[in-house]
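Here is the naming used below: chain letters follow the sequence lines, and residue numbers restart at 1 for every chain. Quick note: numbers below take in every heavy atom, side chains included, and nothing from hydrogens, waters or symmetry partners. Please read these numbers as outputs of a predicted model, since none were measured by experiment.
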Amino acid sequence: MERCDVLVLGAGPGGLAAAAAAKKAGAERAVLIDRDVRAGGILNQCIHDGFGLIRYGASISGPEYAAKALAEAEAAGVTLRLGLQAVSMTAQRTLLAQGKDGLVEFQAGSIVLATGCRERTRGAISVPGSRPAGIFTAGVLQNFVNVRNILCGKRVVILGSGDIGLIMARRLTLEGAHVEAVLEVMKEPGGLARNISQCLYDFGIPLYTSHTVSNIIGKRKLEAVEVSPVDDAMRPIPGRAWTVPCDALVLSVGLIPENEVALTAGVAVDEKGRGALTDEYLMTNLPGVFACGNCRKVMDLADYVSNQGTLAGENAAHFVQGEPLRTWNDRESSGMVKGLPAPGSVTCPICPNGCQIVIDPETGAVSGNRCPRGLSFAEQERIRPMRTLTTTLRVEGGPVPLVSVRSDRAIPRDDLQEAARRLKACCVRPPIRLGDCLAELEAGGVTVRMLAGEDVL
Amino acid sequence: MKDVIIIGAGAVGCTIARELAFTRLDMLVLEKECDVAAGTTGRNSAVVHAGFNNRPGSLMARLCVEGSRGMEALCRELDVPYRKTGKALVAFDEEDMEILRKLKAQGEANGTRGLRLIGKEELERMVPGVGGIGGFYSPETAILDPFKYCIAMAENAAENGAEFRFEEEVTGIRREDGGFTVTTGKGEYRCRVLINSAGLYADKVSAMAGVNDYHIYPCRGEYFILDEVAEELLQMPVYPALKAGIGGLGVHLTPTVHGNIIVGPSAEYIDEADDYACTPPVMDKLWQEAQALLPTLKRRYVIGNYSGIRAKLAPENEGGYRDFVIREEEDCPGLINLVGIESPGLTASRPIALMVREMVGQRLPLVKKENAVRTHRFPPVFAKLAREEQERLIREDPEYGEIVCRCRRVTKAEIRQAIENPLGARSLSAVKYRAWATTGRCNGGYCLNRIVDMLVREYGMRPEEVTLRGPGSEMFSGEVK
């Protein structure tokens, strides 16, 4: 039996922040466990930028964000136990976990659940048709493409306009696949406006709202999907379907809070959303068991998850010490603009607000921005849109096949695909340190350095 | 020249192979898919029927009752998950009760044991929350794992010398003096006795040998798979009283040995024997009927759909069942045909195999093989073991400590054993059916990547070689860069 003051489950953004905060708030021993051998959780496969706008005041990639969060946890003195899968827990705050060294039992003064979420699947939504190879959820594919160097196919249809699906539409395009369409059964897309704009509009990928996949065709390997418009009840309208040949179907149809371990102890979850229910102190129905991030309620930004993790960790430490707890305000984490960008507007990516800036072409008058910072971006969008390039480079002779990279400055939007294509031939060898310049690239008259987003040793 | 060739590695073909492998006969099993249990064997309700559904005097009735009686011991011998759950049939009105009374009489005529009619209260006790005015209880009905059943049969047969060849679809059969020449896409094989256990394609295989007497009508049944809620909601299979219709047993709810509930099947005659689609009108109707049977079911329990196809000899306009055909063809000596082996074929598979063994014995000497092994063991299922056992395994092999499939708590060691299976089946489905990974509520969201990673990095497969169910079902186009 291992004893600790605060035990945190899951080393994604929420867990890393919670463990660090618990330690800073005076917890003697704060243990953070994760099933993966690397801390960071899903951040490690999110190689795109847009992370850190709140926490670090910069737009960085998922692996870079994870590295910063991990460094903070380590600096705070968190005890990190990786490769350990939580199996079950009790209301008395004991937890059973399993790893290569055997079964481990913990007794904690308080527990923070930061177990994230999983993807809704084809099985859960009963997409009709056959069951061939070539159907993936967006997150699974993201892992294959960004971490394991495996590509699903060349002609892709994406069902659902959740953020991961949108991000994958851009990733697959940059890797040379053709995204035929993104389909959304609802009247409005589910993802953030900035992702609709920078992942679909930037590449001319068609988005069909009020449409769905009404049949999957192909007995052994996916050959095509049948696309149908839907009525107000979201039922396909008969007789109006058309067929889209494709070799991969990617589902981005929602995220479900992951509370399998929490449920073994009797943590109450929301009947519909499946998130762990908490009070304003982020404490669940079980005294001393806190929840933060996506396992509580799926959030739009990792930064919000980290902020919430910080409070949950601090409260978990205070619970053990008998100190008063602080309250969480859900309004602090719901500022993002979702759905279709306003017509003729520019979605500002500089902060998470995602203001829809409109510049009158006649008068030059600017509206829609809540602060002046987005002005120069909006001006630039009118003249020549510029984007940060995020992609991967092939690693030769290393423990992993790919390393994530981000350009140190923006390149012209219209040169993104060509730049990514040229980088495909590039191959690097370890040791690689986060921030190392792994390639230089000239694109549209701009020379950029491609910086490693992670260590590969 | 082989003594025997068996065409088809479903439950029946593999059980025949096992029985014949106890003799000195030289035997080959040809299967068109990349693994055993790829057809109807792996796509049904996984119920061991007690034998009251079939017409007295029929082969179906006799073989089903025999199979049901021997199944528990057989599963123990082969290390196949089996549980005698009993089964309840529900009557919603007096007409249904009358049907159940007749069913009871039919079952008793067939020799099914322990059948009794039950009142509303007892039914409610057995299946809390079920609708209905009363019902019928069959204590002998059981559930099993049909994949492991078939795999165990095949592995045991292989251990005793049977040869299995996969991805070999039979394309032609020539009758020659004293035997047959069987052509597949890959080669030619000769044998003295040919056993046609080709399931949905048994009519076509028979015709290749010159016996054109059969026509199989594929009849599809669609299913929902629900999450692991059986322990809480459903302890035994629950069926409706079956009003006259086309041959199925009505939409029913069945707990599985893995703790899930399956809902289905529908019954719909279709054109193609491999059209395993699930269709919206049928899915909607299935769900309505399932909820009528058990109103506590919630849509959010659904984690998947699948369909299976019955190899029916009875055409749609005739309905109901025609009996199994199990015979050596008079016009084609040496050809043993098994045609129309639909439900209860899985339950009856061993008695069928024994019948076929007798027929083979009329042609070839059945000499007992010395040292034949009757028992079979699967690698341990980590999640089912006591904690001390789990700790011991992790000490011996740290890969038992590494969980690959989160939903089912399947360890890396078990995935490795599934990849390295004795039959050499190498596809994601082969791993799925052996280790039971990817079958949980996340549909492989966590483990699929890890399993593929093992295949690529530890077993040297290229991504484009990884298939879902053998050639033609490639999962990936290749490397990204």
Side-chain angles (χ1 to χ4, degrees), chain A residues 35 83 85 87 96 98-103 118-119 121-134 136-137 139-140 143-154 175-177 214-216 219-221 235-236 247-248 258 260 272 274 392-394 401-402 423-427, chain B residues 224-225 272 274-280 282-283 287 298-300 302-307 382 387 390-391 394-395 398-403 406-407 409 411-412 428 441-446 448-449 452-453 456-457 463-464 466-481:
Chain A
R35 59 194 180 186
Q85 166 84 56
V87 175
L96 180 69
Q98 167 175 355
K100 280 182 168 178
D101 298 327
L103 300 173
R118 63 172 184 267
E119 297 182 280
T121 63
R122 176 185 178 186
I125 61 170
S126 298
V127 182
S130 56
R131 295 190 304 148
F136 302 90
T137 54
V140 165
N143 182 278
F144 277 128
V145 172
N146 291 349
V147 178
R148 302 187 199 271
N149 196 24
I150 295 175
L151 191 62
C152 57
K154 298 282 158 84
E175 293 300 355
S214 51
N215 197 13
I216 289 172
K219 282 173 181 165
R220 301 173 79 92
K221 171 77 193 167
R235 292 248 159 198
D247 56 5
E258 171 83 19
E260 305 311 316
K272 240 189 122 192
R274 309 306 293 161
T392 53
L393 298 182
R394 191 181 171 86
L402 297 171
L423 285 173
K424 274 195 163 197
C426 187
C427 185
Chain B
F224 283 97
I225 313 168
E272 296 170 61
D274 61 348
D275 181 3
Y276 291 110
C278 289
T279 58
V282 172
M283 288 196 279
W287 191 252
K298 296 195 175 102
R299 192 65 180 72
R300 72 168 168 84
V302 174
I303 63 166
N305 293 85
Y306 68 99
S307 67
F382 185 86
R387 190 165 156 181
Q390 294 181 333
E391 283 175 332
I394 298 174
R395 271 198 306 277
E399 285 192 346
Y400 274 109
E402 217 174 313
I403 294 179
R406 166 72 188 89
C407 300
R409 206 179 167 190
T411 63
K412 189 168 184 186
L428 289 169
R441 60 184 70 93
C442 84
N443 287 193
Y446 182 68
L448 177 66
N449 302 67
V452 170
D453 196 62
V456 171
R457 288 166 52 138
E464 58 272 31
V466 176
T467 68
L468 183 60
R469 289 187 278 269
S473 66
E474 288 73 21
M475 292 282 290
F476 308 104
S477 52
E479 292 189 320
V480 179
K481 49 191 61 164

Decide yes or no for [X] and [Y]: does some side-chain heavy atom of the first lie under 4.5 Å from some side-chain heavy atom of the second?
{"X": "A:Val140", "Y": "B:Asn449", "result": "yes"}
{"X": "B:Arg469", "Y": "A:Arg131", "result": "yes"}
{"X": "B:Cys278", "Y": "A:Pro128", "result": "no"}
{"X": "B:Glu479", "Y": "A:Leu151", "result": "no"}
{"X": "B:Val456", "Y": "A:Ile150", "result": "yes"}
{"X": "A:Ser126", "Y": "B:Trp287", "result": "no"}
{"X": "A:Arg220", "Y": "B:Leu468", "result": "no"}
{"X": "B:Arg406", "Y": "A:Arg118", "result": "no"}

Does B:Phe476 have A:Arg148 sitting over its ring (NZ/CZ under 6.0 Å from centre, angle to axis within 45°)? no
Residues B:Glu474, A:Lys221: salt bridge by 4.0 Å N-O rule: no
Ion pair check, B:Glu399 and A:Lys100, cut-off under 4.0 Å: no
Between [options], who has the most heavy-atom pairs with chain A when the cutoff is under 4.5 Å?
{"options": "B:Lys412, B:Arg300, B:Glu402", "answer": "B:Arg300"}
{"options": "B:Asp275, B:Val466, B:Leu448, B:Thr411", "answer": "B:Leu448"}
{"options": "B:Tyr306, B:Tyr276, B:Phe224", "answer": "B:Tyr306"}
{"options": "B:Pro471, B:Cys407, B:Gly444, B:Ser307", "answer": "B:Pro471"}

Given that the side chain runs from C-beta out, which part of [X] has a heavy atom under 4.5 Å from chain B: side chain, backbone, both or neither?
{"X": "A:Asn215", "answer": "neither"}
{"X": "A:Leu402", "answer": "side chain"}
{"X": "A:Pro236", "answer": "neither"}
{"X": "A:Leu96", "answer": "side chain"}

Is it the side chain or the backbone of [X] that comes within 4.5 Å of chain A heavy atoms, both, or neither?
{"X": "B:Arg441", "value": "both"}
{"X": "B:Met283", "value": "side chain"}
{"X": "B:Tyr446", "value": "side chain"}
{"X": "B:Lys298", "value": "side chain"}

Pair B:Arg409-A:Gln98, side-chain donor/acceptor within less than 3.5 Å: yes
Mind ranking [options] by heavy-atom pairs under 4.5 Å with chain B and telling me who comes out on top?
{"options": "A:Arg274, A:Arg122, A:Glu119, A:Arg235", "answer": "A:Arg274"}
{"options": "A:Gly102, A:Ser130, A:Gly99", "answer": "A:Gly99"}
{"options": "A:Lys272, A:Lys424, A:Glu260", "answer": "A:Glu260"}
{"options": "A:Thr121, A:Asp101, A:Val145", "answer": "A:Thr121"}

Hey, is the main chain of A:Lys219 close enough, under 3.5 Å, to the side chain of B:Asp274 for a donor-acceptor pair? no
State the CD1-CZ distance between A:Ile125 and B:Arg299, to the nearest 0.5 angstrom. 9.5 Å
To the nearest 0.5 Å, tell me how far A:Leu103 CG sits from B:Ile394 CD1. 4.5 Å
